[in-house]
Amino acid sequence: MYAIARPWEPQSRGLLSGLPLPLLILLAAVILGAGVLAGADVIPLMPARAVAAGAAQGALLATAVAWAASGTPGPAPAPTVAALVVLAGAGGAALAPIGAIAYLAAPLWLWRQRARLPGLGLTRASAGLVLAGAALGMLLGTHLLVTASLTLGYGVRAPRLEQLAPWLAYDIGGNVLTTEAFFRGALFDRVQRRWPFAPGAAVVTAACLVRYLVDPLLPRSLEVMAGAVFYLTLLSLGACWLYWRSGSIVPSVAAGVLFFACYRLLHVVQ
Amino acid sequence: MTVTDVKAAVLATAGARVALSCAAAVSGITAGLAIADVSPATPWRHLYLLPVAVLALRRGLAAGLLAALGGALAFGPFVLREIEGHGLTRAAIEGGVTLAMLGVTGALVGSLAAAGRRQRERYEMLRAVQRVLAEAAPLERGAARLAAALARRLGVDAVGLVIADGRVVAGADGLDPISLAAHVLARRRPVFVSDAGTDARPRRVVVVPLTSGRETVGVLAVERLGDISREERDALVGLGAALGLALDNTRLAARQQSFAEELEQKVGAATARLAEMDRLKSGFVALASHELRTPLTALQGFAELLATRRFAPTEVQRVAEIMRAETERLGRIVSDFLDLARLERGLPPAIRRTVLDPGPLIAAAVDVFRRTRTTHRLELHVDGALPRVDADADALDRVLKNLIGNALKYSPPGSCVRVRARALDGVVAFDVDDEGPGIPPDERARVFEPYYRVRNTEMLGPGTGLGLSVVKSIVEAHGGSVRADAAPGAGTRMTVMLPALP
């Protein structure tokens, strides 16, 4: 038993300690630069958005890797590499839509580094919890499809593979993976070790909502923003609960991927 | 299938029925609102609160939140459609507030219901703990049962108990000196650690001191992968006080029982010893009367003979010699009584020490017996020159004569009694060996007790049972020792050791 048989010393690590600040500043400069260049019409808007989103997601993954590496004995992967892997995906997407397939490099890289990042939640979860995550994603996604098609003036379509594959690759490698790695595997992991579940999940969900609401790829209409708040709040709370129960980001990644896969089936009905 | 399994199945069935009823209610309300095509500000929207509150009340926080999620998913589209059609209108805001209220209701009612349930569980836990503590069992077994009961009632992963002396009675094999339990044991304050260890899930640890009055009698440690709420922690602190008292009582009861058993044994032994002493004293009184009367009778008879008849001078000398011997015997018995009286008052025998050479003293004592006891062979061996001793000559003479007299008394006629004197390392040792029946090993120490006589030796000769106890007291008063052993071959060897002068 830990309390009796193991040595104990009080921990005094801060909640946000171990941030890779130089790298984050550099990535912020990339985001700013993309915005400025797009504003000055030096580069088109869509590639600029893709690069900015990639830099932001790279920052999330790099921070998650840096935090996970700070508690790991022995050599750990460099956060810079994590950011570059995500940026490579963003670069691919900026060049051509099918180039977003390059986002799949991020999960592949993380999977190879999982043994060196034990604190990131890249562990196996029970099949039941993975199924629960998938069910949550499907439930929210299906609800989104029904609600949007019935009320919001959106339609549901069956996209062609060459349309769906880049989006899926982006969601898996850029959107969901970086979000879950940072907000669940890193931030919620630290928060849950300090606070009870409810306040911890509330804080992380609020932070997660901010991340999506400032995402340049999110349409700026009121109903979409309201829908995003509604669905992402439920998705984030569910993901926190899944991480709380499993200690793994696999169930929440399953939930996020399925939810966003449903989201990609929507299109605006003119 | 056990009773517990049946109970769990019934509860699960009841829970599923409640959940299905609530799901049906949410579906019904949604269908009604959809058919009526109402705005999200319709008063009927409050109907969603009903199944949320019911499920939260019946099944707690998680069920309340799930019901709120269901209600929000069902009512959300009405709000989103209003926002899409008319923007952020008052109706949309009211609908949004209703969505938030669903979550708040589910969380609040669920929390209150869960708190009530936890309170009940705490009472049940205390009752379970009291039941375990009420069972008369040794501390270790009682603690193991207690830990198991607590783990079951609290739904935690591990429970440990450490007693104030650092002994771990449940939860681990040993106490790490810098562990959390050792820290709490030293500081006597409860400690909550929100994360311990390196598990994927946070391991919460609560360690509370077990107190009895102002004393800390141990610590209780509880670990869980997951939350330990503030209420649970407060309950554990309260439990620590109750457990401390109970453990202290158990410890005191065990100590009292052990003390009572020890006392009973001591009283039994003392009673047996007193009975034995009483028996020996009674025997002694009878024996002493006989021992005193025998020489007195002889003296009286010979005195009357001398007074009433005329004897030849040689005969008078013989009678006088007999009277002298009987007087000497009488004197020895009286001296023994006097020494015994001093011993029983806790005083050493009265001795007057002088520096003397023990060799001539031994030779004289042996010579006396050689002249008067011709029925035995009496041998004297002195190994080299003996060092001088600081002793009372008369007392030492009594010791030697007592030992030689006993050896002669308990040896068969014709046998040999050997007296040996030698110098050892800083002492002078005297051995008196006889060829008598010997002393059983279990009685060798007891022969030096007052009144004690070796079993089945009464027929071998008279005696008061005081001689050896007087010998022992005299020898010890000289700073020496005396012991009884088996002689080589057969018989008894009595050995006296006296400190030699340098």
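Here is how names work: the chains are called A, B, and so on, in the same order as the sequence lines, proteins then strands, and each is numbered from 1. These numbers come from a predicted model, not from an experiment.
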Taking atom types as modelled and ignoring hydrogens, do the side chains of B/Glu82 and B/Thr89 form a donor-acceptor contact shorter than 3.5 angstrom? yes
Structural part of B/Leu220 lying under 4.5 Å from a heavy atom of chain A: neither
A/Met138 CE to A/Phe259 CZ distance, which is reported to the nearest 0.5 Å: 12.0 Å
Restricting to pairs with a member in residues 107-135 of chain A, which pass ring-ring contact (aromatic ring centres under 6.0 Å, His included), not counting sequence neighbours? none
At a heavy-atom separation under 4.5 Å, does A/Leu237 approach chain B through its side chain, its backbone, both, or neither? neither
Under 4.5 Å from any heavy atom of chain A - which part of B/Arg230: neither
Hey, do the aromatic rings of A/Phe182 and A/Trp67 have their centres closer than 6.0 Å? yes
If you tally heavy-atom pairs under 4.5 Å against chain A, which of B/Ile228, B/Leu175, B/Leu185 wins? B/Leu175
Taking it one step at a time, do A/Leu145 and A/Leu265 satisfy side chain to side chain contact (heavy atoms under 4.5 Å, CB included)? CA-CA 8 Å; A/Leu145 291 178; A/Leu265 300 180; 4.1 Å; yes
Most chain A-contacting option - heavy-atom pairs closer than 4.5 Å, from B/His183, B/Arg203, B/Arg204: B/Arg204
What part of B/Val206 is in contact with chain A, defined as an atom under 4.5 angstrom from a non-hydrogen atom: side chain, backbone, both or neither? neither
Does any non-hydrogen side-chain atom of A/Tyr263 lie less than 4.5 Å from one of A/Tyr231? no
Check each atom of B/Leu88 against the heavy atoms of chain A and say whether the ones under 4.5 Å are side chain, backbone, both or neither. both
Hey, mind stepping through B/Leu150 and B/Leu239 against side chain to side chain contact (heavy atoms under 4.5 Å, CB included) and telling me if it holds? CA-CA 10 Å; B/Leu150 281 175; B/Leu239 184 66; 3.4 Å; yes
By a 4.5 Å heavy-atom criterion (distance strictly below it), what part of A/Ile4 contacts chain B: side chain, backbone, both, or neither? both
Check whether B/Phe192 forms a cation-pi arrangement with B/Arg233 (NZ or CZ under 6.0 Å from the six-membered ring centre, at most 45° off the ring normal). yes
In terms of heavy-atom proximity below 4.5 Å to chain A, should B/Ala72 be classed as side chain, backbone, both, or neither? both
Residue part contacting chain A, namely of B/Ala68, when any heavy atom lies under 4.5 Å: neither
Top contributor to chain B contacts, counting heavy-atom pairs under 4.5 Å, from A/Pro7, A/Ser221, A/Gly121: A/Pro7
Pick from B/Asp227, B/Ile83, B/Ile178 with the largest number of heavy-atom pairs that fall under 4.5 Å of chain A: B/Asp227
Before accepting this row, confirm whether a basic side-chain N of the pair B/Arg201/A/Asp189 lies closer than 4.0 Å to the acidic partner's carboxylate O. no
Under 4.5 Å, heavy atom to heavy atom: which of residues 195-216 of chain A reach chain B? Give them by number, or say none. A/Trp195, A/Pro196, A/Phe197
When every non-hydrogen atom of A/Ala181 is compared with those of A/Ala64, the smallest separation belongs to O-CB, 3.5 Å
Distance-only side-chain donor-acceptor flag, B/Ser179 / A/Tyr2, under 3.5 Å: no
Name the region of B/Val159, side chain, backbone, both or neither, that has any atom closer than 4.5 Å to a heavy atom of chain A. backbone
Going by heavy atoms in the side chains, are B/Val222 and B/Asp157 under 4.5 Å from each other? no
